[in-house]
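So that the names make sense, note that chain A is the first sequence line, chain B the second, and so on, each numbered from 1.
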2 protein chains.
Amino acid sequence: MTRQTDTQGDLSKDRLRVWLRMLKVTRRIEAELRERMRQEWDTTLPRFDVMSALHRNGEGMKMSDLSGVLRVSNGNVTGIVDRLVADGLVERRSVEGDRRAMRVVLTEKGRVLFDDMAGVHERWVDELLSPIGAQGLATVYSRLGRIAETTGEDS
Amino acid sequence: MTRQTDTQGDLSKDRLRVWLRMLKVTRRIEAELRERMRQEWDTTLPRFDVMSALHRNGEGMKMSDLSGVLRVSNGNVTGIVDRLVADGLVERRSVEGDRRAMRVVLTEKGRVLFDDMAGVHERWVDELLSPIGAQGLATVYSRLGRIAETTGEDS
DNA sequence: TATAAAAATTTTATACTTGAAACAATCTGA
DNA sequence: TCAGATTGTTTCAAGTATAAAATTTTTATA
């Protein structure tokens with residue numbers, strides 16, 4: 001229980017403070033983005049995330065690819081894709097050569113909608129993070145990068 | 001992250017990159033903490049948050065105070081408190097002078113458990129954020145602080 | 001070629017989350 | 001006083017999230 005020095009304990013408390021602030025800021029921005037998406041397009045952040053991943057992969061992605069990239073459970077992706085399919089924004093196609101797998105692709109309607117959303121989304125983020133200038137962006141990006149490296153593996 | 005001759009568009013893209021990294025890092029740490037809490041005490045982050053708020057307020061808090069401080073909806077708090085009550089970690093007491101309101105308090109069992117959890121939680125956060133040193137902590141804290149000020153109001 | 005193991009997905013059970021509606025109690029102003 | 005607004009909480013419907021079990025198909029291997 002005895003710590004080696006006072007500064008060691010202070011550092012731990014500082015990390016806790018940073019973590020709590022990071023959590024708070026992230027949640028607030030997420031809440032703001034969620035609300036705007038709801039108002040603007042009657043959609044949600046998870047749906048946007050799925051569409052974004054599919055947009056980056058024009059040929060479509062398997063369900064397991066989606067849950068891997070987005071880091072959410074398989075079962076969760078099933079539900080989100082179900083709803084996107086119901087809205088005609090996404091299609092499930094069978095994978096030739098493997099009858100287990102499904103390839104999920106943006107429909108034309110989905111592509112058009114996402115092109116619209118992506119631009120507006122970038123402007124919203126720019127607005128919400130506007131208190132951070134070029135200098136701060138670089139610093140925060142690099143510090144967070146160190147955590148990203150150690151916490152998980154890839155990307 | 002970009003050249004000194006940043007255009008407006010580059011800055012916007014940088015903010016998007018920072019946001020996406022922040023989101024990724026936050027989610028990973030949250031996932032890690034959630035998993036450890038599940039393994040260690042068979043509990044969840046939202047329950048920990050509620051207990052933490054109650055621990056800071058020994059006299060207990062009204063449901064509306066909880067949803068205000070934690071920034072989650074009223075209905076959500078109802079469910080989480082219900083489950084904490086079922087586990088005997090928390091108690092609902094009536095508020096003298098206002099028959100609408102309820103005061104939620106940690107039970108003795110809840111207090112003992114939280115004391116245990118809080119210390120371990122701080123060590124986990126210290127470990128997960130260990131790639132950031134004193135210098136980085138101060139910078140990140142101050143940059144995020146600017147956003148916290150503009151995005152929402154208090155605390 | 002059986003058959004066991006692995007892979008891709010869905011299903012199930014439970015919990016968290018929101019926004020909105022419903023309810024009850026309190027407060028307020030004519 | 002007492003009708004209307006406000007406050008505190010719960011209920012409800014829908015969506016998001018996980019872990020674990022189940023299902024179907026493919027692959028490996030004996």
Side-chain angles (χ1 to χ4, degrees), chain A residues 23 26-28 30-51 53 60-87 89-90 92-104, chain B residues 23 26-28 30-51 60-87 89-104:
Chain A
L23 200 51
T26 303
R27 284 178 176 171
R28 276 195 190 166
E30 269 194 288
E32 183 63 31
L33 291 175
R34 175 175 10 90
E35 174 63 10
R36 293 186 186 190
M37 285 197 172
R38 195 176 67 89
Q39 300 281 352
E40 206 73 25
W41 304 292
D42 190 29
T43 192
T44 65
L45 228 25
R47 287 158 76 118
F48 179 81
D49 290 343
V50 167
M51 291 179 75
M61 300 173 77
K62 291 194 298 180
M63 296 296 280
S64 47
D65 294 339
L66 275 173
S67 71
V69 167
L70 303 179
R71 303 189 160 266
V72 298
S73 64
N74 287 338
N76 192 7
V77 172
T78 297
I80 296 169
V81 167
D82 281 350
R83 283 167 218 120
L84 287 173
V85 167
D87 287 352
L89 300 171
V90 137
R92 273 189 176 94
R93 296 193 189 152
S94 55
V95 170
E96 63 294 346
D98 190 341
R99 281 182 298 172
R100 293 170 304 182
M102 297 302 260
R103 195 160 50 91
V104 185
Chain B
L23 200 51
T26 303
R27 284 178 177 172
R28 277 197 188 165
E30 269 194 287
E32 184 62 32
L33 292 175
R34 176 173 11 85
E35 173 65 9
R36 294 185 184 190
M37 285 196 173
R38 194 176 67 88
Q39 299 282 353
E40 207 72 25
W41 305 291
D42 190 29
T43 193
T44 65
L45 228 26
R47 286 158 78 119
F48 179 80
D49 290 344
V50 166
M51 291 179 75
M61 301 173 75
K62 291 194 297 182
M63 296 296 281
S64 46
D65 293 338
L66 275 172
S67 71
V69 167
L70 303 179
R71 304 191 159 263
V72 298
S73 64
N74 286 339
N76 193 6
V77 173
T78 296
I80 295 169
V81 168
D82 281 351
R83 288 180 279 271
L84 287 173
V85 167
D87 288 351
L89 300 171
V90 139
E91 260 178 21
R92 274 189 177 93
R93 297 192 188 152
S94 54
V95 171
E96 63 294 350
D98 191 341
R99 283 180 298 169
R100 294 168 303 181
M102 298 301 262
R103 194 160 51 91
V104 185

(Q) Tell me which nucleotide, if any, is Watson-Crick or G-U wobble paired with D:dA30 when both distances must be under 3.5 Å. (A)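 Check on D:dA30: paired to C:dT1, both distances under 3.5 Å.
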Q. In terms of the nearest nucleotide of DNA chain C, which residue is placed more toward the 5' end: A:Arg34 or A:Met102?
A.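 Closer to the 5' end of DNA chain C: A:Met102.
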Q: Specify the residue among A:Met61 and A:Glu35 whose closest nucleotide of DNA chain C lies further upstream toward the 5′ end.
A: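 So the residue in question is A:Met61.
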Nucleotide [N], atom [atom2] - distance to [atom1] of [X] in whole Å:
X       : N      : atom1 : atom2 : result
B:Gln39 : D:dT18 : CD    : C1'   : 13 Å
B:Arg27 : C:dC16 : CZ    : P     : 18 Å
A:Asn76 : C:dA13 : CG    : C1'   : 15 Å
A:Leu66 : C:dA7  : CG    : P     : 19 Å
A:Arg47 : D:dA17 : CZ    : C1'   : 16 Å
B:Ile80 : C:dA15 : CD1   : C1'   : 9 Å
A:Asp82 : D:dT16 : CG    : C1'   : 13 Å
B:Arg71 : C:dT18 : CZ    : P     : 11 Å

Salt bridge flag under 4.0 Å for residues [X] and [Y]:
X        : Y       : answer
A:Asp87  : A:Arg47 : yes
B:Arg103 : B:Asp65 : no
B:Glu35  : B:Arg38 : yes
A:Glu32  : A:Arg36 : yes

(Q) Considering every strand and a 4.0 Å limit on heavy-atom distances, what is the contact class for B:Arg92: base, sugar-phosphate, or nothing? (A)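 Sugar-phosphate only.
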Q: Could you check whether A:Gly75 gets within reach of a base, just the sugar-phosphate, or nothing at all, counting any heavy atom under 4.0 Å?
A: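 A:Gly75: base contact, heavy atoms under 4.0 Å.
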Just to confirm, is there a sub-4.0 Å distance from OP1 or OP2 of [N] to any side-chain nitrogen or oxygen of [X]?
X       : N      : answer
B:Thr78 : D:dT9  : no
B:Ser73 : C:dT17 : no
A:Thr44 : D:dT16 : yes
A:Arg83 : D:dT16 : yes

Residue [X], side-chain atoms from C-beta onward, closest of [options]:
X       : options                : answer
B:Lys62 : C:dT9, D:dT9, C:dG19   : D:dT9
A:Pro46 : C:dA25, C:dA8, D:dT16  : D:dT16
A:Arg99 : C:dA15, D:dT26, D:dG8  : D:dT26
A:Met63 : C:dT10, C:dA20, C:dT18 : C:dT10
A:Asp98 : D:dG8, C:dA8, D:dT18   : C:dA8

Q.
Exactly one of A:Leu66, A:Val69, A:Asp82 should register a side-chain contact (heavy atoms from CB on, under 4.5 Å) with A:Val77. Which one does?
A.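 It is A:Leu66; the other options fail the test.
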Q) Does the base of C:dA7 carry an N or O that pairs as donor and acceptor with the side chain of A:Arg100 under 3.5 Å? A)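 In this structure, the two groups form a donor-acceptor pair.
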**Q.** Check: B:Thr26 side chain, B:Leu23 main-chain N or O, donor-acceptor pair, under 3.5 Å
**A.**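 Absent.
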Q. Considering heavy-atom distances to DNA chain D, does A:Val77 or B:Asp65 have its closest nucleotide positioned more toward the 5' end?
A.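 Checking each residue's closest nucleotide, the 5'-ward one belongs to B:Asp65.
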